[in-house]
K.L.:
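Have a look at this one before I ask anything.
Throughout, protein chains are lettered first and strands after them, A, B, ... in sequence-line order, and every chain is numbered starting at 1.
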Amino acid sequence: MSSKPRTLYEKIWDAHVVERRDDGTCLIYIDRHLVHEVTSPQAFEALRVAGRKLRRPDLTLAVPDHNLPTTARLDADGRRVPIADRESADQLATLERNAPEFGVRYIDAVAPEQGIVHVVGPEQGFSQPGTTIVCGDSHTAAHGGLGALAFGIGTSEIEHVMATQTLLLAPSKTMEVRVEGTLGAGVTPKDVILHVIGVIGAAGGTGYVIEYTGNVFREMSVEGRLTVCNMSIEGGARAGLIAPDETTFAYMQGRPMAPAGADWDKAIAWWRTLPTDPGATYDKVVIIDAADIAPCLTWGTSPEDVVPITGVVPDPMSFADPSKQVAAQKSLDYMGLTPGTRMQDVPVENIFIGSCTNSRIEDLRAAAAVVKGRKVAANVRQALIVPGSGLVKRQAEEEGLDRIFVEAGFEWREPGCSMCLAMNPDKVPAGERCASTSNRNFVGRQGPGARTHLVSPAMAAAAAVTGHLTDVRELEPVA
Amino acid sequence: MKPIREVEGRAIPLGLKNVDTDVIIPAQYLKTITRKGLGRGAFETIRAQPGNVFDDPEYKGANILIAGDNFGCGSSREHAAWALGDLGIDAVIAPSFSDIFSGNAFKNGILTVVLPQEAVDRLLEVAKTHPIGIDLENQTVTTPFQDRFRFEIDPFRKHCLLNGLDEVGMTLAQDAAISTFEGRMAADRPWL
């Protein structure tokens, strides 16, 4: 191995090369494969048709999340509540059949560990620093918060990983996104990543893997890092990562599938070698001053449509790029917004706190801190809190957060992808608006005709209690 | 997979930028457990608008789609590529594609052609009235008006597309190398 300084990404890549081809393409070993019900049926079917086995079921973990209703899953007698949507029920049943047939570990819908695949992986210690992690879901980027190279794959690639435990990949370019300084009051990891996407654009990271550096990420909790890396894909980057450090190690220690005993010492020694070497270079560097980041949100239908909460709906003609002018006008038509309107004057009828971006315990604590002693506003029709996993739910209940939410008028639900995407009963009705802690504000994402504003958990909570988009910094604490 | 050498025909001049996977195929259609029939849900929100390009008789039977920057951004759903295939699309031309989408398209024998915005603008104009030709071997896009745009493509992908190769089968042939790697990993990183 040469002594050339390498980035975190290059180190993980090099440690996983099975075979390097002349054109630079590499056969890369995959350490961890997460599976859910939506993108896996066709891959299992292809294996079956070709008479192929799943090479490493021990490196594979399956959990249902996208289709599951978030209402009670067991009736009063402890029996499973049937799922009304026939197609959803079929897809869930298909995973439940495929997992044992191919020997894959399966966390079922009523297990206490069930949750969103990207919450479960880190929580169980299945996702680890320095590993390559894939899943048929673009928000796999989240696991990069642990210092793993984690990215979403399509179903043909799922089949490839199942059959060979490898993927044929061309190396990505590297981008450093460095945020230094002190974050202002009310600015959360969600605001940081929304701001970053606003700066680089929805295609800014295409072809790149992003490494987030600087004191802001070093000082961030693992939960916050998972939130940041989760939305790398919204900036076009298939993966985002943050160097593993003492914060990461403290998070990993003692998790059910994390290394233990002598293995723990070996693992931690290797993890310490992973951070980017001094003198290593990136193909692109973006530097952001933490002081420039405000609590922010989206106004349009692309995650790059970011504005501070103190801002106004932009005029499409204010964009230099003619194609962006057209896109912005279409966005505003869809969103039912007029240029110049103060964002804080926009009423919301739906609140969603959840998703693989913002459903971890810290997110729920942040929302509860705003909600405590207040009520959901009268014009809010639906306000959901959906914990990312059964374990997050239990922890929140032990802390009494569920009572704060329920007393305020929120619904306290079972774990799943819920209102982030319109695949289960939780949807935003056409023409209605939602302050959502999820990751995509695409046309129809939360339901046909639904209008999404992406926000942090604290800002979603603030919108819930005022009934309109709100600057969380202006809410006085309730004694 | 069937080999691809040339794609010729009418092209749908969509032109929009940031066409995301929820627009290509909305989530409610992802509940299928097969790869077939997704064309019925493709571009549903666009097709709900009167006069949209997908239902314009001018482009009936078109096998090429021309789009703006960042086509296929968003989710990893391969259903987006399956839906395009089900619509009869053999190639998409755009100034840029999301990485995951272009990989999914490739694995389903759909060619993604990256050209500069000026070239895409010209093709959007030509597509309104005339067919477009894509020659994978020579990496060119041509029009009946003597336009000729060269595009770049990863040599490995080109080789697979030209020969219709099955990647899983090819990698399975590397079994020995994979087993060697696993042996090394078990020694170096036993906790995995």
K.L.:
In terms of heavy-atom pairs under 4.5 Å with chain B, which of A/T39, A/N67, A/D85 leads?
P.N.:
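Greatest number of close heavy-atom pairs with chain B: A/D85.
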K.L.:
Under a 4.5 Å heavy-atom cut-off, does chain A meet the side chain of B/S75, its backbone, both or neither?
P.N.:
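Both parts, backbone and side chain.
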K.L.:
Determine the option with the most heavy-atom pairs under 4.5 angstrom with chain A, choosing from B/G74, B/S102, B/A48.
P.N.:
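So the answer, after comparing B/G74, B/S102, B/A48, is B/G74.
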K.L.:
Side chains of A/E87 and B/T32: do they bring a donor and an acceptor to under 3.5 Å?
P.N.:
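No, no side-chain donor-acceptor pair sits under 3.5 Å.
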K.L.:
Side chain from CB out, backbone as N, CA, C, O: work out which of these in A/S172 comes under 4.5 Å of a heavy atom of chain B, or both, or neither.
P.N.:
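Neither part.
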K.L.:
Given that the side chain runs from C-beta out, which part of B/Q174 has a heavy atom under 4.5 Å from chain A: side chain, backbone, both or neither?
P.N.:
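For B/Q174, the side chain is the part near chain A, not the backbone.
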K.L.:
May I ask you to check whether A/R52 and A/T164 show a side-chain donor-acceptor distance below 3.5 Å?
P.N.:
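Per modelled atom types, A/R52 and A/T164 side chains form no pair under 3.5 Å.
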K.L.:
A/K330 versus chain B, heavy atoms under 4.5 Å apart: side chain, backbone, both or neither?
P.N.:
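For A/K330, the side chain is the part near chain B, not the backbone.
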K.L.:
Tell me which of these, A/E159, A/R55, A/H16, has more heavy-atom pairs under 4.5 Å with chain B than the rest.
P.N.:
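Among the listed options, the one with the most contacts to chain B is A/R55.
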K.L.:
Using heavy-atom distances under 4.5 Å, tell me whether A/N439 contacts chain B through its side chain, its backbone, both, or neither.
P.N.:
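A/N439 has no heavy atom closer than 4.5 Å to chain B.
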K.L.:
B/L14 and side-chain contact (heavy atoms from CB on, under 4.5 Å): which single residue from B/I66, B/L124, B/V19, B/N52 fits?
P.N.:
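Only one option passes, and that is B/V19.
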K.L.:
Return the set of residues passing side chain to side chain donor-acceptor pair (under 3.5 Å) with B/K107 (not counting sequence neighbours), or none when no residue passes.
P.N.:
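By the side chain to side chain donor-acceptor pair (under 3.5 Å) rule, B/K107 matches no residue at all.
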K.L.:
Please flag which part of A/P303 lies under 4.5 Å from any non-hydrogen atom of chain B: side chain, backbone, both or neither.
P.N.:
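For A/P303, neither part sits under 4.5 Å from chain B.
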K.L.:
Can you confirm if the aromatic rings of B/F101 and B/F71 lie within a centre distance of less than 6.0 Å?
P.N.:
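Yes, close enough.
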K.L.:
Do you know which of A/E157, A/M162, A/K324, A/R21 has the most heavy-atom pairs under 4.5 Å to chain B?
P.N.:
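Of the candidates given, the most pairs with chain B belong to A/E157.
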K.L.:
May I ask you to name which of B/N18, B/N104, B/L192 has the most heavy-atom pairs under 4.5 Å with chain A?
P.N.:
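Option with the top pair count is B/L192.
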K.L.:
Of the backbone (N, CA, C, O) and the side chain (C-beta and beyond), which part of B/R35 lies under 4.5 Å from a heavy atom of chain A, both, or neither?
P.N.:
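Both backbone and side chain.
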K.L.:
Considering only heavy atoms, which portion of A/E45 lies under 4.5 Å from any heavy atom of chain B: side chain, backbone, both, or neither?
P.N.:
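Neither part, no heavy atoms under 4.5 Å.
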K.L.:
Is a side-chain donor-acceptor pair under 3.5 Å present for B/Q28 with B/E44?
P.N.:
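Their side chains do contain a donor-acceptor pair, which is all the 3.5 Å distance test asks for.
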K.L.:
With no hydrogens and no angle check, do the side chains of B/T140 and B/N138 hold a donor and an acceptor under 3.5 Å apart?
P.N.:
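The answer is no; no qualifying pair exists.
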K.L.:
Between A/T131 and A/D31, is there a side-chain donor-acceptor contact under 3.5 Å, judged purely by atom types and distance?
P.N.:
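No pair is found: no donor N or O on one side chain lies under 3.5 Å from an acceptor on the other.
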K.L.:
So for A/T94, is it side chain, backbone, both, or neither that comes closer than 4.5 Å to the heavy atoms of chain B?
P.N.:
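Side chain only.
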K.L.:
With sequence neighbours excluded, what pairs up with A/S438 under the side chain to side chain donor-acceptor pair (under 3.5 Å) test?
P.N.:
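Applying side chain to side chain donor-acceptor pair (under 3.5 Å) to A/S438 gives A/S436.
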K.L.:
Given heavy-atom pairs under 4.5 angstrom as the criterion, report whether the side chain, backbone, both or neither of A/T166 touches chain B.
P.N.:
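Side chain only.
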K.L.:
If we define contacts as heavy-atom pairs under 4.5 Å, which of B/L16, B/D154, B/D188, B/T171 has the most with chain A?
P.N.:
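The answer is B/T171.
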K.L.:
Report which part of B/Y29 has an atom under 4.5 Å of a heavy atom belonging to chain A: side chain, backbone, both, or neither.
P.N.:
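Nothing of B/Y29, per the 4.5 Å heavy-atom cut-off to chain A.
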K.L.:
Under 4.5 Å from any heavy atom of chain B, what part of A/E37 do you find: side chain, backbone, both or neither?
P.N.:
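Contact with chain B: none, neither part.
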K.L.:
Between chain A and each of B/V168, B/T34, B/V23, count heavy-atom pairs under 4.5 Å; write down the option with the most.
P.N.:
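Most heavy-atom pairs within the cutoff with chain A belong to B/V168.
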K.L.:
Chain B heavy atoms under 4.5 Å from A/A46: which part of the residue, side chain, backbone, both or neither?
P.N.:
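Contact with chain B involves the side chain of A/A46 alone.
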K.L.:
Under 4.5 Å, counting heavy-atom pairs only, tell me which of A/S88, A/G236, A/G444, A/A327 racks up the most with chain B.
P.N.:
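Highest number of pairs under 4.5 Å: A/S88.
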K.L.:
Is it the backbone or the side chain of B/D166 that comes under 4.5 Å from a heavy atom of chain A, or both, or neither?
P.N.:
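Side chain only.
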K.L.:
Name the member of A/L168, A/V443, A/T25, A/I233 that forms the most heavy-atom pairs with chain B at distances under 4.5 Å.
P.N.:
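Ranked by heavy-atom pairs under 4.5 Å with chain B, first place is A/L168.
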K.L.:
Can a donor-acceptor pair be found between the side chains of B/D69 and B/S96 at a distance below 3.5 Å?
P.N.:
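Their side chains do contain a donor-acceptor pair, which is all the 3.5 Å distance test asks for.
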K.L.:
Carefully, step by step, assess A/D137 and B/R77 under the rule salt bridge (Lys or Arg N to Asp or Glu O under 4.0 Å).
P.N.:
CA-CA 7 Å; A/D137 189 288; B/R77 59 186 71 161; over 6 Å; no
K.L.:
So which part of A/H66 gets closer than 4.5 Å to some heavy atom of chain B, the side chain, the backbone, both or neither?
P.N.:
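Neither part, no heavy atoms under 4.5 Å.
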K.L.:
Is chain A contacted by the side chain of B/T180, its backbone, both, or neither, given a heavy-atom distance below 4.5 Å?
P.N.:
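Neither part, no heavy atoms under 4.5 Å.
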K.L.:
If you tally heavy-atom pairs under 4.5 Å against chain A, which of B/Q117, B/M185, B/E182 wins?
P.N.:
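Winner by heavy-atom pair count: B/E182.
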K.L.:
Would you compute the distance between atom CG of B/L161 and atom NZ of B/K2 and round it to the nearest 0.5 angstrom?
P.N.:
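Rounded to the nearest 0.5 Å, the CG-NZ separation comes out at 10.0 Å.
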K.L.:
A/I158 versus chain B, heavy atoms under 4.5 Å apart: side chain, backbone, both or neither?
P.N.:
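Looking at A/I158, nothing touches chain B.
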K.L.:
Can a salt bridge be assigned to the pair B/D22 and A/R440 using a cut-off of 4.0 Å between side-chain N and carboxylate O?
P.N.:
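Looking at B/D22 and A/R440, the cut-off is not met.
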K.L.:
Is there a donor in the side chain of A/D321 and an acceptor in the side chain of A/Q325, or the other way round, less than 3.5 Å apart?
P.N.:
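Side-chain D/A pair, A/D321 to A/Q325: absent.
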K.L.:
Taking the cut-offs as 6.0 angstrom to the six-membered ring centre and 45 degrees off its axis, would you call B/R10 and B/Y59 a cation-pi pair?
P.N.:
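Cation-pi check for B/R10 and B/Y59: fails.
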K.L.:
Any side-chain donor paired with an acceptor under 3.5 Å for A/T301 and A/S331?
P.N.:
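Result is yes, a qualifying pair exists.
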K.L.:
Let me know if A/I153 has heavy atoms under 4.5 Å from chain B in its side chain, its backbone, both or neither.
P.N.:
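Only the backbone of A/I153 comes within 4.5 Å of chain B.
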K.L.:
Can you tell which of A/A50, A/S156, A/P41 has the highest number of heavy-atom pairs within less than 4.5 Å of chain B?
P.N.:
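That would be A/S156.
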K.L.:
Could you look at B/P26 and say if it's the side chain, the backbone, both or neither that has a heavy atom under 4.5 Å from chain A?
P.N.:
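Neither part, no heavy atoms under 4.5 Å.
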K.L.:
For the residue pair A/Q446 / A/T452, report whether a side-chain donor-acceptor contact shorter than 3.5 Å exists.
P.N.:
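Side-chain D/A pair, A/T452 to A/Q446: present.
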